[in-house]
Amino acid sequence: TVVVLTYEILKAVHKLRTTGKQSFIIESALDFVNKFVKQTIENIAIKVDCNSNYLEQIATVAANDAYIGNNIYELFKQLGNDAMIVVDESKSDKDIIKSQDGYFFERGFISSLFLKPDTIEKEKNKIELDAPYILLFDKTVSSVQPIMPIITQIIQEGKCLVIIAEDFAEEVIQNFVLNRVYNKLNCICIKSPGFGDSRKEYLHDISIVTGANPQLNAMGFSLENNNITHLGKANKIIITHDKTTILEGSGKQENIQSRIIELNNKLNDANAYEKEKLQERIGKLGKGIGKYNVGARDEITLKERKDRVEDAVNASQKAIKHGIVTGAGSDFLWIFKKINEYIANDSIEQIGVNILKEILPSILKQIVYNTGKGSPDLMMNNILSKMEEYNSPFFGYNIDVPAQMLLKHDNKNINNDLVCNIFEKGVVNPASVSIEGINIAISVGKRFAKQSYLIVNEQEEKPNNIDNMM
């Protein structure tokens, strides 16, 4: 999708440049294109939840494997819409799915510089720490000196450290980044979740999960008077740019249950917003984390299957968050129908309208061309006719029609057989995939609009082997 859209947008931008259009006009027109596509996709997106069969279909398509799709669907059904699923390696050749004690929050490493260059973690944008110590602090860490005794002991033990605090001074971040890159101290800095007074509440939740003693100024603590016994522990922590997942913290289960009861008691006196946040915290403390251990018989297969499982988990989470739309280019064909009904308000919007008319049918046409079933133009017109007749974006290209059946018909009837309600057949994508696709293509197009040249690799023509043998 991204490749086709980017290619078509670059062609459209090049055409506008050659006709003398200024770059700022083209950029404004592309902004309109992006906005129109995003709004239309959001309008037609269908909400799904953890119990929807469409979620299993999304996971299956993303993994290209029905078995993986079903496993991920079962984990979401067990853990709910906000499920956090961690993908790891199995110790056997079998896939193992389970839920385990864990906790996650929507904050990640404070700087991408913590990712070691030229490593898997840089490629995956993800840091995994085994058996780390965890320090919690409700103020800004402005200097490394107060915690040097702890750091020294952690280095001697060969352990790693995660610091979760309100904020960090720039020199502190630089210090920990350099020490990590040069393998002297494996320490990651993370801003604490929540805002204002809620930060302390979240820190209390994390302290109970990890067995840490939170360093709170209100309780008379400071970084100077802490020691290693105040730190929490976990079996593993996984950190991305926007999420931290704590697996098997050292907190006692009875303390976690007491905290859940305490939060439940607060629900009665809470307003609507507070109730929502309390229920979110209760869910994170009570449901645990999903674990998908990927099995394989060799390392190459393991890496390939693990990547597919991660893709399927990400696609499922996006589907729950943003909804789903029809796939196979029919969502963009629906936008094509809508843009043909749209009346531009000014000349810049008209340029955007013209760009959309050029690029939107391209994905469907490319898919039809690649399969060799039917005519791309006839297919587009037949789908648009069905969409118009039923006023529905659910119609599209039915790629599952057997080739033997198509041989019995003329070209026009072939195209009628290939048009159906593909939403009912489960040909769906997360809505965010289409939005991200147009975002990337527009970004490339805007950069191209500002350049006076473009460097490309010229494709070499391969010599004909038969001619060379003559």
Side-chain angles (χ1 to χ4, degrees), residues 1-10 12 27-49 52 54-55 57-59 61-62 81 311-312 314-345 348-349 351-368 379-380 383-384 386-388 390-397 419-446:
T1 299
V2 174
V3 173
V4 174
L5 285 174
T6 302
Y7 175 69
E8 294 297 328
I9 282 179
L10 288 176
E27 288 184 72
S28 298
L30 290 175
D31 286 335
F32 168 78
V33 168
N34 203 6
K35 183 179 177 182
F36 191 92
V37 170
K38 183 181 178 183
Q39 287 180 343
T40 310
I41 290 289
E42 288 174 347
N43 288 340
I44 63 173
I46 304 297
K47 292 293 182 184
V48 294
D49 61 25
S52 170
Y54 286 114
L55 190 65
Q57 185 66 20
I58 286 286
V61 170
N81 289 335
D311 287 344
N314 290 334
S316 301
Q317 289 171 334
K318 288 177 180 179
I320 289 173
K321 189 172 182 179
H322 301 290
I324 59 175
V325 294
T326 48
S330 67
D331 52 345
F332 286 100
L333 204 58
W334 176 261
I335 303 171
F336 178 78
K337 174 183 176 298
K338 289 297 181 183
I339 201 63
N340 278 286
E341 300 167 358
Y342 184 80
I343 300 172
N345 293 312
I348 290 178
E349 279 196 4
I351 294 171
V353 168
N354 295 338
I355 292 173
L356 283 167
K357 288 179 180 179
E358 287 182 42
I359 69 172
L360 289 171
S362 59
I363 298 170
L364 172 75
K365 287 184 176 183
Q366 189 64 50
I367 292 172
V368 177
M379 178 64 62
M380 181 185 79
I383 294 173
L384 286 170
K386 285 289 186 183
M387 287 178 170
E388 186 69 40
Y390 292 93
N391 191 31
S392 169
F394 295 158
F395 288 90
Y397 179 50
V419 177
C420 70
N421 188 324
I422 61 172
F423 192 86
E424 292 179 351
K425 287 185 171 291
V427 183
V428 291
N429 282 327
S432 59
V433 170
S434 298
I435 293 172
E436 288 168 7
I438 196 69
N439 278 341
I440 294 169
I442 291 293
S443 177
V444 175
K446 288 171 76 171

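Contact between Ile367 and Gly329 at its shortest, heavy atoms only, is CD1-N, 4.2 Å. The shortest heavy-atom contact between Ala315 and Pro430 is O-CG, 3.5 Å. Taking each heavy atom of Gly437 and Val2 in turn, the nearest pair found is CA-CG2, 3.7 Å. When all heavy atoms of Ile422 and Phe395 are compared, the pair lying nearest together is CG1-C, 4.3 Å. The shortest non-hydrogen separation linking Ala29 to Ile351 is CB-CG2, 3.6 Å.
Between Asn34 and Leu30, every side-chain heavy-atom pair lies at or beyond the 4.5 Å cut-off. For the pair Ile348 and Phe32, the minimum side-chain heavy-atom distance is 4.5 Å or more. Counting heavy atoms from C-beta outward, Leu364 and Ile383 have side chains that approach closer than 4.5 Å. Between Ser432 and Lys321, the closest side-chain pair of non-hydrogen atoms is not below 4.5 Å. Side-chain contact check for Phe423 versus Ile324: some heavy-atom pair is nearer than 4.5 Å. Looking at Ser316 and Asn314, their side chains never come closer than 4.5 Å, going by heavy atoms from C-beta outward. Annotation: side chain of Glu388 is not in contact with side chain of Leu384 (no heavy-atom distance under 4.5 Å).
With Ile320 as the fixed residue, the side-chain contact (heavy atoms from CB on, under 4.5 Å) test singles out one of Asn81, Asp49, Ile58: Asn81. When each of Ile9, Val3, Leu10 is tested with Thr6 by the rule side-chain contact (heavy atoms from CB on, under 4.5 Å), just one qualifies, namely Leu10.
The side chain to side chain donor-acceptor pair (under 3.5 Å) check on Glu341 picks up Lys337, with sequence neighbours excluded. For Asp311, there are no side chain to side chain donor-acceptor pair (under 3.5 Å) partners two or more places apart in sequence or in a different chain. Looking at residues two or more places apart in sequence or on another chain, you find a side chain to side chain donor-acceptor pair (under 3.5 Å) between Glu349 and Tyr342, Asn345. Residues that satisfy the side chain to side chain donor-acceptor pair (under 3.5 Å) test with Lys446, not counting sequence neighbours, are Asp31.
The distance from atom CD1 of Ile359 to atom CG of Leu5, rounded to the nearest 0.5 Å, is 6.0 Å. For the atom pair NZ of Lys386 and SG of Cys420, the computed distance is 10.0 Å after rounding to the nearest 0.5 Å. Summarising the geometry, atom CG belonging to Asn340 is positioned 4.5 Å from atom NZ belonging to Lys357; distances are rounded to the nearest 0.5 Å. Summarising the geometry, atom CD belonging to Gln366 is positioned 11.0 Å from atom OG1 belonging to Thr1; distances are rounded to the nearest 0.5 Å.
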In sequence, state the C-alpha distance, the side-chain angles, and the governing distance for Leu356 and Ile438, and then conclude on side chain to side chain contact (heavy atoms under 4.5 Å, CB included). CA-CA 11 Å; Leu356 283 167; Ile438 196 69; 5.8 Å; no

For side chain to side chain contact (heavy atoms under 4.5 Å, CB included), just list the numbers for Glu424 and Phe394, CA-CA rounded to whole Å, side-chain angles, deciding distance to a tenth of an Å, and then say yes or no. CA-CA 8 Å; Glu424 292 179 351; Phe394 295 158; over 6 Å; no

Asn429 and Asp331: CA distance, side-chain angles, deciding distance, side chain to side chain contact (heavy atoms under 4.5 Å, CB included) verdict: CA-CA 9 Å; Asn429 282 327; Asp331 52 345; 5.6 Å; no

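Under a cut-off of 6.0 angstrom, the local environment of NZ in Lys35 is sparse, with at most 12 non-hydrogen atoms contributed by other residues, nucleotides or ligands.
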In a table with atom names and distances, give each donor-acceptor pair under 3.5 Å that connects a side chain of residues 37-48 to protein atoms at least two apart or in another chain.
{"unit_1": "Thr40", "atom_1": "OG1", "unit_2": "Phe36", "atom_2": "O", "d": "2.7"}
{"unit_1": "Asn43", "atom_1": "ND2", "unit_2": "Gln39", "atom_2": "O", "d": "3.2"}

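Among pairs with a residue in residues 315-337, none fulfils ring-ring contact (aromatic ring centres under 6.0 Å, His included), at least two apart in sequence or across chains.
Panel note: side chain Ser443, backbone Asn439; no donor-acceptor pair is recorded below 3.5 Å.
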